[in-house]
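A note on names: the letters A, B, ... follow the listed sequences, proteins ahead of strands, and every chain is numbered from 1.
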Amino acid sequence: MPAMTMVQAINNALREEMRRDDRVIVLGEDVGRNGGVFRCTEGLLDEFPDRVFDTPLAEGGIIGTAIGMALYGLRPVPEIQFMDFIYPAFDQIVSEAAKMRYRSGGQFTVPMTIRTPFGGGIRGGHYHSQSSEAYFCHTPGLKVVVPSTPKEAKGLLTASIRDPDPVMFLEPKKLYRSSREEVPEGEVLVPLGEAAVRRPGKDVSLIAYGYMAQVCLEAATKAAAKGVEAEVIDLRTLVPLDEPAVLASVKKTGRAVVVYEAPRTAGFGAEISAILAEKAIEYLRGPIVRVTGFDTPFPYALEDVYLPNSDRVLAAIDKVMAF
Amino acid sequence: MVDALHIIRDDGSADPRLDPGLSEEDAVRLYRGMSLQRILDNRMLALQRQGRIGFYGPSLGQEAAIVGAAMAMEPEDWIVPQYREPGAALVRGMPLKELLCQLIGNAEDPVHGRQMPCHYVYRKGNYLSISSPVGTQIPHAVGIAWAMRLRGEPHAVLVFFGDGATSTADFHAAMNFAGVFRTPTVFLCNNNQWAISVPVAKQTASATLAQKAPAYGFDGVRVDGMDALAVFRATGDAARRAREGHGPTMIEAVTYRLGPHSSSDDPSRYRDESEVALWRARDPIARYRRYLEHAGWWDDGREARLEQEIGDEITRAIQEAERAPPPAVETLFTDVYADMPDHLRDQRDAFLAPRGR
């Protein structure tokens, strides 16, 4: 079993799905000859010369035409080069792809997986770092998926491509090459809508996704040194959310720290906090604490200050433990 | 209008160099389609004023540019509508009653009353679902056509949009993608001179809209949109070229929105009646009738019978549609996803649970 980075695992998932299903089409900026700016689509054009397309530089056109392909029965996997560039396609995603099944009474559907690198940690400044998942989580009709390990990236991407509804597949670029993991050749499936317990613990639940799941694991290691057993829940799918997993953990620990790197206000973690307040308040032994990016544009030089790190998570653990 | 393709001459004869040579049956079918849309519009505007439907967007004046284009397409082709083409949906076989149920938004509307009136959809006729934001459908038409090519299927896509839509980023992206990937798309711009209150001269500084196409690497043709034969001919030619692998074409049908943008609009606020009168004199239905009469296929008797027949059909459809109950509350929650996720199921169950528990 080869050890792969997340980039290689994504490439492997795309290749295997394209071999399995000739309806799978890859399109986007620089995804063909160049193999994508992060190399996620490397080599696909050589193997599938009629199904991989370098498109003109127009995100609205990429998603708009991919919707058309999906309407005609194909399974397009468009790439938006950075999530920061997705806004020209926002209307196509939220007004068209997300609503097509509903507004046609199921007569037309859009089985499409939009892949896009997101999040900070690569010194990308305002426009190569944002986490705008909340906009899409707020749109009924879309599914939102965030992997955090190479093997699960393969399993979740495969499940996304096979899903009958439009999926936003958000790839934490900080994790693209940060580690390797054994990834089996052949079919790997991680069902959408299921969270994972990354580390069990009894004292406090750390709830995160993407790169922040890694940060929470680091924080849990540091907390253990102080005698606090933190449980780390990696959501993996934001929509549909594995609410039972989140509630089960918090009902057990009685404490919750919600971590996301997007700006704090109206971030997806605010929804997690609200669910806990509505459905688990009688189990809570302290306030729900959020550790997040700041309500500022994403910075360049001060990126490390902006991004939540294990020390900030640890401080939140201390706060909720001391309550 | 001098620079636009036209076929029906003032005396009703068809220019023999361009006449598409319709059979009597097809020629009458085209007339019927236009008349149906016209009579339907007037009846629906009246129904809206009576409060029996909430909203309506008529196509008055654009009958030739809509029905003439739709009639030129084959059944396996797709039609991607804007929102002013009920005549095209009817050409594709959408039952009148289903259309009425959509306008009312009742339980027999296949879309369960989820969309405001005039947002028709008819999968069986390859007639795509409509959204209100302008221009968003144009890239879909390119993607569908692209998929046809990828699958090796010799079909084409007709997409309708207006002069206002040519200002959108989606128009630009769609035209550009179509040119680069040579998709079998027929771009039919209904230049009806007005995007609500903004005239086409304020929409673009281009002398014509059709002239935009060559910049994307394919032909743009300008047709007299009040001439159903010209629209039929240009659309049919473009669709044939598309199916044969010669790529996209843009057609600018020069026409006029004789009525309001919608039942909520008062055009007297922004345009002179003298301009409307000028265009009303070019009425596409009257013009096409002259062609039928010139060919010996039409007379007052047939006209009276047709009006009666269409009127009765619409009356029957209204009566049947108005009998249907409102949509079931459960349908609020279905079709968001293929399978209802738990959070939505919880919301539905909580709402539907008996009160007072």
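- Using a 4.5 Å heavy-atom cut-off against chain B, the contacting residues of residues 65-75 of chain A are Thr65(A), Ile67(A), Gly68(A), Met69(A), Leu71(A), Tyr72(A), Gly73(A), Leu74(A).
- Residue contact with chain A, scored on non-hydrogen atoms closer than 4.5 Å, involves the backbone and the side chain of Val336(B) alike.
- Ala58(A) and Ala173(B) get closest at one heavy-atom pair: CB-CB, 4.2 Å.
- In this structure, chain A has no heavy atom under 4.5 Å from any part of Ser132(B).
- The number of heavy-atom neighbours closer than 6.0 Å to CZ of Phe48(A), taken from other residues, nucleotides and ligands shown, is above 12.
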Check the pair Glu96(A), Ser131(B) against side-chain hydrogen bond (donor to acceptor under 3.5 Å, both in side chains), reporting the backbone distance first and the verdict last.
CA-CA 7 Å; Glu96(A) 305 297 320; Ser131(B) 73; 2.6 Å; yes
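- The greatest number of non-hydrogen atom pairs below 4.5 Å with chain A, out of Trp78(B), Tyr120(B), Trp146(B), Phe181(B), is found for Trp146(B).
- The two residues Pro56(A) and Val180(B) come nearest to each other via the heavy atoms CG-CG2, 4.1 Å.
- For the pair Arg103(A) (side chain) and Arg114(B) (backbone), a donor-acceptor distance under 3.5 Å is absent.
- Residue contact with chain A, scored on non-hydrogen atoms closer than 4.5 Å, involves the backbone of Tyr127(B) exclusively.
- Contacts of Leu128(B) with chain A are made by both backbone and side-chain atoms, with heavy-atom separations under 4.5 Å.
- Only the side chain of Pro164(A) comes within less than 4.5 Å of a heavy atom of chain B; its backbone N, CA, C and O stay farther away.
- In this structure, the side chains of Met100(A) and Ser129(B) come closer than 4.5 Å at one or more pairs of heavy atoms.
- Taking all atoms of both residues into account, the shortest heavy-atom contact from Ala338(B) to Asp165(A) is N-OD2, 2.8 Å.
- Atoms NE2 and OG, on His119(B) and Ser104(A) in that order, are 13.5 Å from each other to the nearest 0.5 Å.
- The side-chain heavy atoms of Asp50(A) and Leu150(B), taken from C-beta on, include no pair separated by under 4.5 Å.
- A cation-pi geometry, defined here as NZ or CZ lying under 6.0 Å from the six-membered ring centre and within 45° of its normal, does not hold between Arg101(A) and Tyr337(B).
- Looking at Asp242(A), there are no atoms closer than 4.5 Å to chain B (heavy atoms on both sides), in backbone or side chain.
- Interface with chain B: from residues 15-33 of chain A, residues Arg23(A), Ile25(A), Leu27(A) qualify, criterion being any non-hydrogen pair under 4.5 Å.
- To the nearest 0.5 Å, atoms CZ (Phe177(B)) and CZ (Phe53(A)) are separated by 11.5 Å.
- Across all non-hydrogen atoms, the minimal contact from Asp170(B) to Gln92(A) is OD2-NE2, 3.1 Å.
- Taken to the nearest 0.5 Å, the CZ atom of Phe108(A) stands 11.0 Å off from the OH atom of Tyr122(B).
- At a 4.5 Å heavy-atom cutoff, the contact between Pro110(B) and chain A is made by backbone and side-chain atoms alike.
- Distance check: Thr136(B) OG1 to Ile63(A) CD1 gives 14.0 Å after rounding to the nearest 0.5 Å.
- When heavy atoms are compared at a cutoff of 4.5 Å, Lys99(A) does not approach chain B at all.
- At a 4.5 Å heavy-atom cutoff, the contact between Thr331(B) and chain A is made by backbone atoms alone.
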